[in-house]
2 protein chains.
Amino acid sequence: MTKSFVYTASIQDYLKHIYLLLERGEAVTTTALAQRLKVRPASVTGMLRRLARSEPPLIVYQKHRGVMLTEAGKRAALEVIRHHRLIETWLVQSLGYSWDEVHEEACRLEHVISEQLEARLASLLGNPAYDPHGDPIPDQDLNLPPDTTLPLASLRPGQQGRICRVQSEQKELLRYLEQKGLRPGVSLVVVDYSPFDGNLTILPQSPDASPFVIGLAVSLKVFVEVLP
Amino acid sequence: MTKSFVYTASIQDYLKHIYLLLERGEAVTTTALAQRLKVRPASVTGMLRRLARSEPPLIVYQKHRGVMLTEAGKRAALEVIRHHRLIETWLVQSLGYSWDEVHEEACRLEHVISEQLEARLASLLGNPAYDPHGDPIPDQDLNLPPDTTLPLASLRPGQQGRICRVQSEQKELLRYLEQKGLRPGVSLVVVDYSPFDGNLTILPQSPDASPFVIGLAVSLKVFVEVLP
DNA sequence: CAAAAGATTTAGTCATACCTGAATTCTATT
DNA sequence: AATAGAATTCAGGTATGACTAAATCTTTTG
């Protein structure tokens, strides 16, 4: 058995979500984890103790003070995330899934693919650095590409950006954005900004697009590279 | 969740192996199942009771008398087998695995792919009816293609056959046959037969092949279609 | 700063899904 | 009818994790 399988699916899920919270700069609280994992906070505390006491320790955990991943924990998390994102890419590129359909499938497959399959899948897909949502895929050594993106919400009228990433697993949101023509690779110009509600009016740079308004909640989940 | 996931991996494995034993005409004994599943006979008895009492019942089980699959049990078994064989086909056709490398990977993946993925995979591969070992793949409605093959062991000198199936998961055997040029699709002529040990001398119908001897144990695992 | 609110942890349970050895019972063979 | 071998029952064990309720800690707020 390869290294990534010494951990149960559940342990891998905890590590994955800890990593994802850290990655987004959100606080890794017991409650946040409980929500994501759909368990009770008490269960999270229990698992955090296990992760901290495991050999090797996967997290550093001081009660009431929060959680950090150890090197081993980070590796395990990135391994699962690499699996997840490669699988999502495969489902879209090779099997004709749309980007709102891939998440659950990837969540089940990510725990059972071997290192060999991971490698061959990556190679089949051309060693992609980003998945269909623009999420970065750790490379074979689990290194991530540098991230120079900003949330769309931070752009102001006149500024131009290219969409790099849509950070959401919500089917409806993804379908909505898809339908508005907002997906990674698309450029857009900000036309207006309302300081009261944070709404942005944007114009995608595609021939048949017209300007429309996008709310703060959404524009915080869309990440862009600012264009000169 | 789709139907195939109401059963645990372990239940699916029991059903699969019951089906495979039945398919090969071998007796579905407690010991045979225990060997295949690498557990003790006592554990098998325990699980058989569960499978018989489950709702719907998956097997008909009278103690000391053997096991039959119910319709539901057969469907569940065929579902897993379809997954397994489609995945093996995919690994070979799309990812460049050799036929001796695919079994373990398929054994893990077969339990976690959705009906949707199953369908798309099948379609990507052109709805294959046979996997890389020549094992028949149940179609979407779980029907199997008719089987008109005979074990190579039953051919006699002068008879010609085309290999349809190699019924083994043993890596070494598969590699050996591969190297001898014996894989599904290949035609051969039987040149000699020894009634004492059951050895067959065969000549593959390929340009650079020379006759060689194949033992009874092996020739019972290779299935051919007799050619006129 | 004290009290309330909110988040987190502890303690004690429960549940699932198996597996096991040892003793027993059944079946088939001779 | 004795016996070998196969199968079953019994009582118990392990591994994962989840849960509630009560206690404790931290943060906020009047």
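The sequence lines fix the lettering, A, B, ..., with proteins before strands; numbering per chain opens at 1.
Residue A:S10 has a polar side-chain atom (N or O) positioned under 4.0 Å from OP1 or OP2 of D:dG17. Regarding contacts with the backbone of C:dT20, a side-chain N or O of B:S43 is found under 4.0 angstrom from either OP1 or OP2. Between B:Y14 and C:dA17 there is no side-chain polar atom (N or O) within less than 4.0 angstrom of OP1 or OP2. Taking 4.0 angstrom as the limit, B:T30 places none of its side-chain polar atoms (N or O) nearer than this to OP1 or OP2 of D:dA6. Contact check, A:K63 against D:dT24: no side-chain N or O comes under 4.0 Å of OP1 or OP2. Remark: B:Y61 is in phosphate contact with D:dT8, judged by side-chain N or O atoms under 4.0 Å from OP1 or OP2.
Going from atom CZ of A:R53 over to atom C1' of D:dG17 covers 17 Å, rounded to whole Å. In this structure, CD1 of B:I11 is placed 10 Å from P of C:dC19, rounded to the nearest angstrom. Put simply, CG on B:L48 is 17 Å from P on C:dA17, counting in whole angstrom units. In this structure, NZ of B:K38 is placed 18 Å from P of C:dC18, rounded to the nearest angstrom. In this structure, CE of B:M47 is placed 15 Å from P of C:dT16, rounded to the nearest angstrom. For A:Q35 and C:dA7, the CD to C1' distance is 12 Å, given to the nearest whole Å. Straight-line distance from the CZ atom of A:R40 to the C1' atom of C:dA15: 16 Å, rounded to whole Å. Summarising the geometry, the separation between CD on A:Q62 and C1' on C:dT10 is reported as 18 Å, rounded to the nearest angstrom.
Between A:P136 and A:P145, the closest side-chain pair of non-hydrogen atoms falls below 4.5 Å.
Residue whose closest nucleotide on DNA chain D sits further toward the 5' end, between B:R49 and A:R65: B:R49. Projected onto DNA chain D by closest heavy-atom contact, A:H64 and A:R50 fall at different nucleotides, the more 5' of which corresponds to A:R50.
Relative orientation of the A:H133 and A:W99 rings is parallel, given thresholds of 30° and 60° on the angle between their planes.
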Item to check | Evaluation steps, side-chain hydrogen bond (donor to acceptor under 3.5 Å, both in side chains), between A:D135 and A:H84 | outcome: CA-CA 10 Å; A:D135 294 323; A:H84 185 99; over 6 Å; no
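Under the 6.0 Å distance and 45° angle rule, B:R120 counts as a cation-pi partner of A:Y97.
Side-chain atoms of A:S114 and B:E105 include a donor-acceptor pair closer than 3.5 Å.
With distances taken from any side-chain atom of A:V39 to the nucleotides C:dC19, D:dA18, C:dG21, the minimum falls on D:dA18.
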